[in-house]
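The structure under discussion appears below in the form of structure tokens.
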Amino acid sequence: MKKSLFFILSLLIILLFWLNLIWGSVNIPVSSVINILSLSGEEKSSWEFIILHSRLPQAFTAMLAGAALACSGLLLQTIFNNPLAGPSILGIDAGAGLGVAVTMLMFGGTIGGIAGISTFSGYLAVILSAFIGAGLILGAIIFFSTIIRSNLMLLITGIMMGYLTSALVSILNFFSSEQNVFAYTMWGMGDFSSVSLQMLPGFAILIVIGLILALTLIKPLNGILLGERYAENLGINVRLLRILIFISTGILTAVTTAFCGPVSFIGLAVPHVARMIFRTSNNKILMPSTIMCGAIICLLCNLISNCPGYSYTIPLNAITALIGAPIIIYVIVSQRKLRGN
Amino acid sequence: MTESTTVLSARNINIGYLKGNKICKLVHENISFTLKSGELTSLLGPNGAGKSTLLRSISGSQPLLKGSITINGRDISQYNRQSLSRLISLVLTDRGFTDSLRVEEVVGMGRHPYTGFFGRLSSNDEKIIEKAMRDTGIYEKKDSYISDLSDGERQKAMIAKALTQESDIIILDEPTSFLDIISRIEINNLLRKLARENNKTILLSTHDLEQALISSDKLLLLSRTEGIREGIPEDLIFSGELDKLFSHNRINFNIKAGSFVMTPDCGKMISITGNEDTAHWIENLIRRYGFIRVDDNDKSLCEIMINDNNNFLIRYGNAVKEAGSFEEIKEFIIKL
């Protein structure tokens, strides 16, 4: 049963990936797409550019970003023992956003707006500042989690931190040039198209490192499902586990946010989708399935956001919210369903 | 049954809480006790006496402030995290995030200290898990989700988890506190059986005095002021130690009833004669209305004579009244 579900998910990833390549604002016949991908060089160079430099990296980015955000959402939900935890709820991507804002709005002139970031050092600066921003918020939340026992209160603290960082970003916006503010606002809407083909390997490597780290934590993550004291009694070093989760979530959220902007709801909603499909919280099954569902949902969101056949784009965050918010409401209303009744 | 040996011994330990390196709250000083293999030991004491603190200190999740605990002859501090998890297993009241896990998966978590990096279970592990589920009587539910279990079944699953940990010692923090009377008896019998047949050393904290007196090999009495007393239940009853546990001057341990009861303040006396089983429940009745039972007819206000469970004679001075039920006895004595 589980194997066939995984098989269906794999098929969906391949299908949606393929649809992302063949559907877009410019109508390109399937046979031409195949020719371009086999690098035959016989097709129109403008089509070749669209497929190889726009649709292909965008599909990869959507897939990887979806996997990364969903995985970090699962990690946070597990360690906080709270189904409503997620990178955006806890303000972690707001933290990454603050880091990006500092770099883009303060030094924007030298590094360039997100669309204009072309130098490697420019990208590195944005990623690094996003990582530092995300890390600061995560660190603060972990610090608060040692004093605040109630997970609900902790969640509220996270939300407040999110507001704080947004406020700081507004202040930064106020003092920066119009051009930089525009670039930052565009970045804030979320977008899978900012990773160029040249940048893709670097992006992919960072995400894969974060995902591998998360996958190595499956056993202790299962232990912590019993509760912290049980986990300690099973020989799990809970403090070390927290730090490793912190690093993994930090990498996954920061890298995705730096490139794609704060993509909302994926981290929060996707683990629940996976739980509903597989009806388990066993991370051996849940983590790979969450990663796959994240990839699927982001490929789908990207497809919708690109409005195949039309020349305009709907902001990505509008799509993820339209899909994500109803899922969260459904989860809250029918908690019992998650338990497998 | 194999001969029981001392598995754990605590010598003059101080327990309490540290803040940084400083003692911020000392809960108990100089307590000593031993736990033996094959024995079920119950830890009893009023709320706030430090039962949970003591259990945490024994299981190594909280440092000792002074003294030492030795397990199988070695000091507890010499065991690392991993080996300690093979020595002591815990059953707690925490619910965690287990609702959408199946029983088998939760029980299998007990193999964590033994499995490799990814926690893959060998066929030997599977056998141990199956045996633990059979021993605790939860095998039929192995594919159920934890959220679908009753409180008693969930407790059995957690005990099975403790068994798969293959530790000599199992520590349970109030394992029966949420359970109904049938499940309480079941769990207590299960723990007794595991202690005897699997030669486990079992320590549990409880408020269920009645079950503790029936099923424990040994009691540890932890009072707020007196420290710890250990012994078999009957010795502690007759030495009066149990009575001292809750230092309350009007609530005392009643040997005949096997439980703590409140001594009536007015102390009007009634004597009861006849079948002892019935007399026990008449005593129970008159206590509620502030009387105590005496054997001496001269001191008593009245005498209740039992002919049958629904036929009593009440002698009051020179008058004799008949009563056809416990309720009629009640109606009579409340007018006294």
Side-chain angles (χ1 to χ4, degrees), chain A residues 1-2 74 76-85 147 149 151 212 215-241 271-272 274-289 331 335-341, chain B residues 52 55-56 58-62 79-121 143-149 154 157-158 161-162 164-165 167 169-171 173:
Chain A
M1 219 279 268
K2 300 239 151 91
L74 176 63
L76 291 170
Q77 286 172 9
T78 310
I79 194 75
F80 286 119
N81 192 358
N82 192 320
L84 293 180
I147 356 180
R149 299 302 297 170
N151 274 320
I212 288 176
L215 289 167
T216 59
L217 299 177
I218 284 179
K219 179 179 164 182
L221 278 171
N222 272 347
I224 203 108
L225 287 176
L226 296 178
E228 259 178 53
R229 282 184 66 199
Y230 273 122
E232 267 171 22
N233 177 246
L234 291 172
I236 294 165
N237 186 339
V238 175
R239 189 172 293 196
L240 179 67
L241 179 65
H272 293 295
R275 259 183 223 119
M276 270 186 268
I277 297 174
F278 286 86
R279 305 210 318 166
T280 183
S281 48
N282 184 344
N283 288 296
K284 272 180 205 171
I285 292 160
L286 189 58
M287 190 176 291
S289 58
V331 164
Q335 278 262 335
R336 244 174 284 117
K337 290 239 166 74
L338 285 185
R339 296 173 183 166
N341 283 328
Chain B
S52 298
L55 293 187
R56 275 203 293 274
I58 299 171
S59 63
S61 42
Q62 191 170 326
Y79 293 102
N80 63 20
R81 198 188 293 274
Q82 203 74 14
S83 45
L84 205 57
S85 66
R86 299 178 189 200
L87 273 180
I88 300 176
S89 51
L90 292 182
V91 175
L92 307 166
T93 44
D94 309 18
R95 269 198 74 164
F97 209 26
T98 52
D99 277 354
S100 33
L101 289 175
R102 287 177 300 111
V103 169
E104 197 175 22
E105 291 172 315
V106 168
V107 175
M109 299 256 195
R111 297 307 293 165
H112 260 233
Y114 301 88
T115 55
F117 191 76
F118 288 104
R120 181 178 285 275
L121 298 170
D143 292 319
S144 303
Y145 286 97
I146 295 291
S147 58
D148 295 342
L149 300 184
R154 191 174 320 117
M158 294 320 294
K161 184 237 50 155
T164 61
Q165 231 168 310
S167 58
I169 304 167
I170 301 175
I171 294 178
D173 194 359

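Here is the naming used below: chain letters follow the sequence lines, and residue numbers restart at 1 for every chain. The shown structure was predicted, so the numbers you read here are calculated from the model rather than taken from an experiment.
N80(B) places a side-chain N or O within donor-acceptor distance of the main-chain N or O of S83(B), the cut-off being under 3.5 Å. Of the possible donor and acceptor atoms, one in the side chain of K161(B) sits under 3.5 Å from a partner among the backbone N and O of L90(B). The closest donor-acceptor contact from the side chain of Q165(B) to the backbone of N233(A) lies under 3.5 Å.
Of all the listed residues (L92(B), T115(B), I88(B), L101(B)), the one sharing the greatest number of non-hydrogen pairs under 4.5 Å with chain A is L92(B). For the set L215(A), I236(A), L225(A), the count of heavy-atom pairs under 4.5 angstrom toward chain B peaks at L225(A). Listed options G223(A), P220(A), A231(A), G227(A) were ranked by heavy-atom pairs under 4.5 angstrom with chain B; first place goes to G223(A).
In this structure, R111(B) forms a cation-pi arrangement with Y114(B), its terminal cationic atom sitting closer than 6.0 Å to the ring centre and no more than 45° off the ring axis.
Nearest heavy atoms, V91(B) versus M158(B): CG2-O, 3.7 Å.
Residue I218(A) does not touch chain B at all, counting heavy-atom pairs closer than 4.5 Å. For L84(B), no part lies near chain A; criterion is any non-hydrogen pair under 4.5 Å.
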